[in-house]
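Below is one structure; the comments refer to it alone.
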Amino acid sequence: MQKIGVFVCHCGTNIAGTVDVAAVAEAARHVPGVVFATDYTYMCSQSGQDLIKDTVKKYDLTNVVICACSPHMHEKTFQKAVNSVGMNPYMLEIANIREQCSWVHKDMAQATEKAISLMKAAVAKVILDTPLSADSTPVTKRALVIGAGIAGMQTALDIADAGYDVDIVEAKPTIGGKMAQLDKTFPTLDCASCIVTPKMVEVGQHEKIHIYSYSEVADVSGFVGNFHVKIKRKARYVDEDKCTGCGLCTEKCPMRKVPNEFDMNLDKRSAVYIPFAQAVPKVATIDPNYCIKLKTGKCGLCQTVCDAKAINYEDTDKFVEEDYGAIVVATGYEMINVEKYDEYAYSQSPDVVTSLEYERLMSASGPYGGHLSRPSDGKQPKTIVFIQCVGSREACDSKKGGKPYCSKICCMYTAKHAILTKDHYPDTDIYVFYIDVRTPGKNFDEFYRRAVEQYGVHYIKGAVGKVVPENGKLKVQASDLIMNKQLHIDADMVVLAAAIEPNKTARHLGTMLTASMDTNDFFTEAHAKLRPVESPTAGVFLSGVCQGPKDIPETVAQAGAAASKAIGLLSKDALEGNPCVAHCNELMCTGCSQCETVCPYGAITYEDKEFRFPGRVIKIRRVANVNPAVCQGCGACTVTCPSGAMDLNGFSNKEIMAEVDAVCQ
């Protein structure tokens, strides 16, 4: 005989302010099978949990229904409470009378009536619940970090320092990411290279870290604790084990007109190149798009001068397969393409540059050796106009590719550029056109005011309407919203503070990882407040800007948080799985493959199986087979199956229909 206990939570006034919780508890007492019902101020509190545990023991309850907030919040809490007193945790149901009731109603009578219906539905379902038990799977004690910017490097170091092996996959020939391209960092104006290059060396020399540079993730299968990953190592045409990084091949290469990506194409490099002096690994790479030998079969000079015999023109793409217990995504960001914002003349004049291009122009390792010069003629600019929010904070425009979000770092790096420029060239006139100045970080507002008050940078609240190249100048037409007048400025350079967006590979990678992504292609966290570095896909963690715009300190903090979550996973010898998984009634299965097609986790396969009938008749049929370790219990297969063969433990068709019937009574 089933004995059901119903517990109704006030949740302070979140529920009790709209729902008559005492009436809900009273209605529960009259539902068949319910032997106890009560209401309490905070069921999730320790005293509330103690009330549940004491009642389970006193009345020998077989099932529990809790009318409270979303099961997403506290289901695990209540399951642990009943499990501690001997009840199977899956004999508990939660009726969501907060998000689905009190928060969406204002009339107490209506809200109370709905709460009673939700309670009755939960009771109807819990009557049909069956005890479930979870299987356990061993954990592969190795982590994969995808991306080797400051986020990926910090994550890898933290995991490796905890004693676990880490592989880093980086698409570029070197680790370091965008931070390696920066000159200084705000608000302290520290040398970016002085910070990031020791970190790169530490990663490169760590005995627990293996770097797959110039590589990409080709395929991901498996599940939390046991991911199987195929890594594509692109043909480098240089043997990494033999190359000493001497740079002789780069000096002798006759093809020296290749756009230099590291310097944002502001200067040229050779077809065989090392991205920058502090690159890790410091290994040359041959660009097959420009190499004379690879394109025509002639030349081969780099192979001739290489004493280490590292050049290999016969090199091909290779694939490596590894198993991992945890995966951390740290794919970083890109600047949006500003060529479509033609009103700023970016495609018309070389003196209109993006903020990252300006960073390289100012950098000591940049194309001008740290001397700020106009790309058009190499002269020092006397008047510079900065335009904020280019592509940020605007309605999505498919023609321009604008972003609705604030890119978060633009206000600060523009203040940094202005201060550095005035510091080196005090006679430079600088104008910054902005919508709002956003400085939310520690010492950020002081840094911005320093640019205005100490260095005399002209901040103008307004918009630039057009930039026109004319007679060696950039005619800037703008509006000053505070003074309510039009401005015309003859500038030598215009700098566009362009929006940032996720790496172009993020969407494809997210599909392989079955990870959730938002409409802007940022990875979505499992919970915005409580699980900000975890993906909804178990075992996949998020680090850095792949999850949303952030500055370097935030990125490093999130990298450490992601690493700690990964370490917590890798420290376990085995993982308890989710028992609420799909299963197939093989006698009803028709082998149509529809469930396999819709399964987002690849948990369903098909196999030919023998069925023996009376009279020793043997029939071989194709039936579905669910891998419970991979299945996440989403239920997509159960609603797709035309024969009704697929069902879900804990959410069976009978249980769902019982809830529907209870609501409709």
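By convention here, the first residue in the shown sequence is residue 1. What you see below is based on every heavy atom in this structure, not just the backbone, and it leaves out hydrogens, waters and symmetry mates.
Taken to the nearest 0.5 Å, the SG atom of Cys306 stands 9.5 Å off from the CG atom of Asp239. Between Met255 atom CE and Lys295 atom NZ the span is 8.5 Å, to the nearest 0.5 Å. Interatomic distance, CD1 of Ile552 versus NZ of Lys178, reported as 12.5 Å (0.5 Å rounding). For the atom pair CD of Gln594 and CD1 of Ile604, the computed distance is 11.5 Å after rounding to the nearest 0.5 Å. Annotation: the span from Ile175 atom CD1 to Met153 atom CE amounts to 5.5 Å, rounded to 0.5 Å. The NZ atom of Lys550 lies 11.0 Å from the CD1 atom of Ile409; values are rounded to the nearest 0.5 Å.
When the shell of 6.0 Å around NZ of Lys184 is examined, it contains more than 12 heavy atoms from other residues, nucleotides or ligands. Remark: Lys252 NZ is loosely packed, at most 12 non-hydrogen atoms of other residues, nucleotides or ligands lying under 6.0 Å away. The environment of CG in Asp307 is sparse: at most 12 heavy-atom neighbours from other residues, nucleotides or ligands sit within 6.0 Å.
For Ala160 against Lys208, the heavy-atom pair with the smallest separation is CB-CB, 3.7 Å. Smallest separation of non-hydrogen atoms from Pro254 and Leu301: CD-CD2, 4.3 Å. Looking at every heavy atom in both residues, Ala134 comes nearest to Gly577 through CB-O, 2.9 Å.
With Thr597 contributing its side chain and Ser593 its backbone, the two residues share a donor-acceptor pair below 3.5 Å. Side-chain atoms of Glu596 do not come within 3.5 Å of backbone N or O of Thr605 as any donor-acceptor pair. Side-chain N or O atoms of Thr524 include one that pairs as donor or acceptor with a backbone N or O of Asp518 at under 3.5 Å. Between the side chain of Tyr164 and the backbone N or O of Ala143, no donor-acceptor pair lies under 3.5 Å. Under a 3.5 Å cut-off, the side chain of Ser407 and the backbone N or O of Ile500 do form a donor-acceptor pair. A side-chain donor-acceptor contact under 3.5 Å links Asn503 to the backbone of Thr505. Put simply, the side chain of Asp315 gets close to the backbone of Arg236: a donor and an acceptor are under 3.5 Å apart. Side-chain N or O atoms of Thr640 include none that pairs as donor or acceptor with a backbone N or O of Thr638 at under 3.5 Å. For the pair Glu357 (side chain) and Thr354 (backbone), a donor-acceptor distance under 3.5 Å is present. In this structure a side-chain-to-backbone donor-acceptor pair under 3.5 Å is present from Arg360 to Ser365.
Lys504 has no carboxylate O lying under 4.0 Å from a charged side-chain N of Glu334, or vice versa, which leaves the two without a salt bridge. For the pair Arg269 and Asp263, the salt-bridge criterion is not met [side-chain N within less than 4.0 Å of a carboxylate O]. Salt bridge Arg621/Asp608: absent, no basic N to carboxylate O contact under 4.0 Å. Using a 4.0 Å cut-off between charged nitrogen and carboxylate oxygen, Arg233 and Glu216 do not count as a salt-bridge pair. Using a cutoff of 4.0 Å between basic side-chain nitrogens and carboxylate oxygens, Glu359 and Lys416 are scored as salt-bridged.
At least one side-chain heavy atom of Met179 sits less than 4.5 Å from a side-chain heavy atom of Ile150. Side-chain contact check for Gln558 versus Phe541: every heavy-atom pair is 4.5 Å or farther apart. Counting heavy atoms from C-beta on, the side chains of Cys589 and Cys584 come closer than 4.5 Å. Contact annotation: the side chain of Pro502 never approaches that of Cys546 to less than 4.5 Å [non-hydrogen atoms, C-beta and beyond]. Between Phe523 and Thr331, some side-chain heavy-atom pair lies under the 4.5 Å cut-off. Proximity of Ile286 to Cys302: side-chain heavy atoms (C-beta onward) are separated by under 4.5 Å at one or more points. Counting heavy atoms from C-beta on, the side chains of Tyr237 and Asn312 never come closer than 4.5 Å. Counting heavy atoms from C-beta outward, Asn226 and Val139 have side chains that stay 4.5 Å or more apart.
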In residues 559-575, what donor-acceptor pairs under 3.5 Å come from side-chain atoms, sequence neighbours left out?
{"residue": "Ser564", "atom": "OG", "partner": "Ala561", "partner atom": "O", "Å": "2.7"}
{"residue": "Ser571", "atom": "OG", "partner": "Ile567", "partner atom": "O", "Å": "3.3"}
{"residue": "Ser571", "atom": "OG", "partner": "Gly568", "partner atom": "O", "Å": "2.8"}

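Under the ring-ring contact (aromatic ring centres under 6.0 Å, His included) criterion, the residue pairs touching residues 240-292 are Phe262-Phe276, with sequence neighbours excluded. The ring-ring contact (aromatic ring centres under 6.0 Å, His included) contacts involving residues 293-340 comprise nothing, where partners must be two or more places apart or lie in separate chains.
Under the rule for a salt bridge (charged side-chain N to carboxylate O under 4.0 Å, His left out), Lys230 has no partner lying at least two apart in sequence or in another chain. Partners of Lys199 under the side chain to side chain donor-acceptor pair (under 3.5 Å) rule, at least two apart in sequence or in another chain, are Gln154. With sequence neighbours excluded, the residues satisfying ring-ring contact (aromatic ring centres under 6.0 Å, His included) with His72 are His527. With sequence neighbours excluded, no residue forms a salt bridge (charged side-chain N to carboxylate O under 4.0 Å, His left out) with Asp342. Legend: residues meeting side chain to side chain donor-acceptor pair (under 3.5 Å) with Thr537, ordered by chain and number and at least two apart, are absent. Under the rule for a side chain to side chain donor-acceptor pair (under 3.5 Å), Glu207 has no partner lying at least two apart in sequence or in another chain. By the salt bridge (charged side-chain N to carboxylate O under 4.0 Å, His left out) test, Glu339 is found to be paired with no residue, residues two or more places apart in sequence or in another chain being considered. Applying the ring-ring contact (aromatic ring centres under 6.0 Å, His included) rule to His210 yields the partners Tyr212; only residues at least two apart in sequence or on another chain are considered. With sequence neighbours left out, the salt bridge (charged side-chain N to carboxylate O under 4.0 Å, His left out) criterion links Arg142 to Asp165, Asp167.
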Stepwise side chain to side chain contact (heavy atoms under 4.5 Å, CB included) check, Gln278 with Val201: CA-CA 9 Å; Gln278 303 97 327; Val201 172; over 6 Å; no

Derivation and outcome, salt bridge (Lys or Arg N to Asp or Glu O under 4.0 Å), residues Lys234 and Asp317: CA-CA 5 Å; Lys234 293 179 285 187; Asp317 294 345; over 6 Å; no

Residues Glu586, Lys609; criterion salt bridge (Lys or Arg N to Asp or Glu O under 4.0 Å); working and verdict: CA-CA 9 Å; Glu586 296 176 343; Lys609 195 165 186 178; 2.7 Å; yes

Step-by-step salt bridge (Lys or Arg N to Asp or Glu O under 4.0 Å) determination, Glu607 to Arg622: CA-CA 6 Å; Glu607 62 181 1; Arg622 183 172 181 266; over 6 Å; no

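A donor-acceptor pair shorter than 3.5 Å cannot be found between the side chains of Ser270 and Thr250. Judged purely by distance below 3.5 Å, without hydrogens or angles, the side chains of His228 and Asp219 never pair a donor atom with an acceptor atom.
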